[in-house]
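Single-structure report; data block below.
Heads up: numbering here begins at 1 and tracks the sequence.
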Amino acid sequence: MAFAKPLRLAALALALSACAGAVLASEPESARADKQQTDKPLGVVELFTSQGCSSCPPADELFAELASKEDLVALAYHVNYWDYLGWQDTLSSKENTDRQYDYMRAFGSRSVYTPQAVINGRSHVNGASRKEVDGTLARLDRTGEGMRVGIKVSRTSDRVMIDAGDAGNGPNDAHVVIVYFDPPQMVKIGQGENSGRSLTYWNAVSDIQIAGMWHGKPQRYELPMTEIAKKAGCAVLLQSVGKDGMPGPILGAAFIRKPDRL
């Protein structure tokens with residue numbers, strides 16, 4: 001299974017992406033704070049996948065490895081256009097599908113496919129190919145198309161502060177996007193092309209919210225801790241947007257951890 005006919009875009013998908021390295025629990029508090037404030041991830045991998053796609057399990061397995069890496073932001077968007085094959089993806093949403101179609105338009109493609117991995121909002125490859133994913137991340141980092149803007153996350157007892165850095169000579173307009181995702185979960189597939197299989201899914205995106213606009217200069221954004229605490233996990237992505245409203249390159253990213261992880 002590879003391609004689906006283009007669907008009508010119901011709405012502009014919100015821009016997104018990114019995440020800073022995980023912090024080891026054994027590090028001193030001061031070291032954790034410093035590392036969290038200064039690290040930039042190697043890149044952002046957005047996987048478009050489906051429980052109903054027979055080509056997706058190898059990509060989901062590779063994605064699980066990527067999600068465990070400290071220098072990557074890995075987010076999985078479950079799409080719904082394969083549901084007609086007999087199994088409704090339990091993690092899919094229309095918003096996830098809309099986002100993939102927006103990328104399709106941004107890349108000038110004629111169709112969408114699974115498993116598709118979008119790297120740094122700039123390029124897309126077969127999400128099941130370790131060589132293509134790793135090679136694209138390395139190439140974008142080498143050509144200066146990786147994470148260019150620092151994103152720092154700090155907190156108080158009642159709020160989370162997100163500090164976006166300076167653009168330098170790069171793009172100077174972007175959306176500050178909060179991407180919520182689910183904890184790892186095993187799903188037993190009852191019908192469709194993967195019927196009878198039990199598969200584990202990591203970082204499945206459940207919601208996307210725009211926290212504000214960034215205009216190339218250092219700026220702070222605040223979120224209530226109550227919103228962060230009730231989610232399984234989330235990331236902040238600094239993503240440029242084209243004149244046509246389509247998602248562009250991801251410039252920076254960081255994890256926003258729950259209170260017991262910050």
Side-chain angles (χ1 to χ4, degrees), residues 1-7 13 15-19 40-82 89 91-92 96-148 177 179 181 193-194 199-205 208 235 237-242 246-253:
M1 178 187 303
F3 296 92
K5 296 180 180 179
L7 303 173
L16 66 41
S17 74
C19 124
K40 292 180 183 178
L42 171 64
V44 177
V45 178
E46 298 175 82
L47 176 68
F48 292 92
T49 186
S50 172
Q51 295 170 6
C53 165
S54 61
S55 300
C56 287
D60 297 323
E61 292 179 8
L62 173 59
F63 180 83
E65 295 182 33
L66 300 177
S68 70
K69 292 181 177 295
E70 296 184 0
D71 62 345
L72 289 178
V73 176
L75 301 166
Y77 298 83
H78 286 246
V79 298
N80 59 16
Y81 48 78
W82 295 124
D89 191 308
L91 301 172
S92 69
N96 289 350
T97 304
D98 286 345
R99 179 162 178 77
Q100 187 180 24
Y101 274 93
D102 279 345
Y103 269 131
M104 177 195 76
R105 294 179 60 187
F107 293 141
S109 303
R110 294 186 177 182
S111 59
V112 295
Y113 64 95
T114 56
Q116 179 189 38
V118 175
I119 313 296
N120 295 357
R122 297 176 181 269
S123 184
H124 66 97
V125 299
N126 179 354
S129 172
R130 184 187 304 273
K131 180 179 179 180
E132 291 186 32
V133 172
D134 289 347
T136 301
L137 282 165
R139 174 177 59 82
L140 294 178
D141 184 56
R142 185 173 61 252
T143 58
E145 297 174 295
M147 302 296 100
R148 301 177 61 184
V177 186
V179 185
F181 53 86
E193 294 189 342
N194 292 317
L199 303 172
T200 300
Y201 297 100
W202 293 73
N203 294 8
V205 172
I208 306 169
L237 314 171
L238 191 65
Q239 185 165 24
S240 59
V241 181
M246 295 298 102
I250 293 169
L251 308 176

For I119 and V45, what are the C-alpha separation, side-chain angles and deciding distance, and is it a side-chain contact (heavy atoms from CB on, under 4.5 Å)? CA-CA 5 Å; I119 313 296; V45 178; 3.9 Å; yes
After noting the C-alpha distance and the side-chain angles of M147 and V44, does the key distance pass the side-chain contact (heavy atoms from CB on, under 4.5 Å) rule? CA-CA 8 Å; M147 302 296 100; V44 177; 4.0 Å; yes
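For S50, there are no side chain to side chain donor-acceptor pair (under 3.5 Å) partners, not counting sequence neighbours. Residues that satisfy the side chain to side chain donor-acceptor pair (under 3.5 Å) test with E65, not counting sequence neighbours, are R130. By the ring-ring contact (aromatic ring centres under 6.0 Å, His included) test, F181 pairs with no residue at all, sequence neighbours left out. In this structure A67 satisfies the side-chain contact (heavy atoms from CB on, under 4.5 Å) test together with F63, A74, W202, N203, sequence neighbours excluded. Remark: N126 engages no residue in a side chain to side chain donor-acceptor pair (under 3.5 Å) (not counting sequence neighbours). By the side-chain contact (heavy atoms from CB on, under 4.5 Å) test, S68 is found to be paired with no residue, residues two or more places apart in sequence or in another chain being considered.
Atom SG of C56 sits about 7.5 Å away from atom CG of N194, to the nearest 0.5 Å. From Q51, atom CD reaches atom CG of L91 across 5.0 Å, with rounding to the nearest 0.5 Å. Summarising the geometry, atom CG belonging to N120 is positioned 9.0 Å from atom CD belonging to E46; distances are rounded to the nearest 0.5 Å. The structure places CD of E70 at 13.0 Å from CG of L42, a figure rounded to the nearest 0.5 Å.
Applying the ring-ring contact (aromatic ring centres under 6.0 Å, His included) definition to pairs two or more places apart or across chains, those involving residues 120-147 are F107-H124, Y113-H124.
Side chains of Y103 and Q116: no donor on one and acceptor on the other come within 3.5 Å.
What you find for A117 and G127 is that their closest heavy atoms are CB-CA, 3.8 Å. Minimum heavy-atom separation, A204 to H78: CB-CD2, 3.9 Å. Across all their heavy atoms, P115 and L47 have their closest contact at CB-CD1, 4.1 Å. Between P247 and Q239, the shortest heavy-atom contact is CB-NE2, 3.6 Å. Heavy-atom minimum distance, M246 versus A106: CB-CB, 3.9 Å. Nearest heavy-atom pair, N96 versus V205, reported as atom, atom and distance to 0.1 Å: ND2-O, 3.5 Å.
Side-chain contact between L72 and L137 is present, with heavy atoms from C-beta onward closer than 4.5 Å. Residues Y101 and V112 meet the side-chain proximity criterion, which asks for heavy atoms closer than 4.5 Å. Annotation: side chain of T97 is not in contact with side chain of S92 (no heavy-atom distance under 4.5 Å). Contact check for R148 versus P249: no side-chain heavy atoms found under the 4.5 Å cut-off.
When the options T114, D60, D89 are evaluated for a side chain to side chain donor-acceptor pair (under 3.5 Å) with T49, the one that passes is D60.
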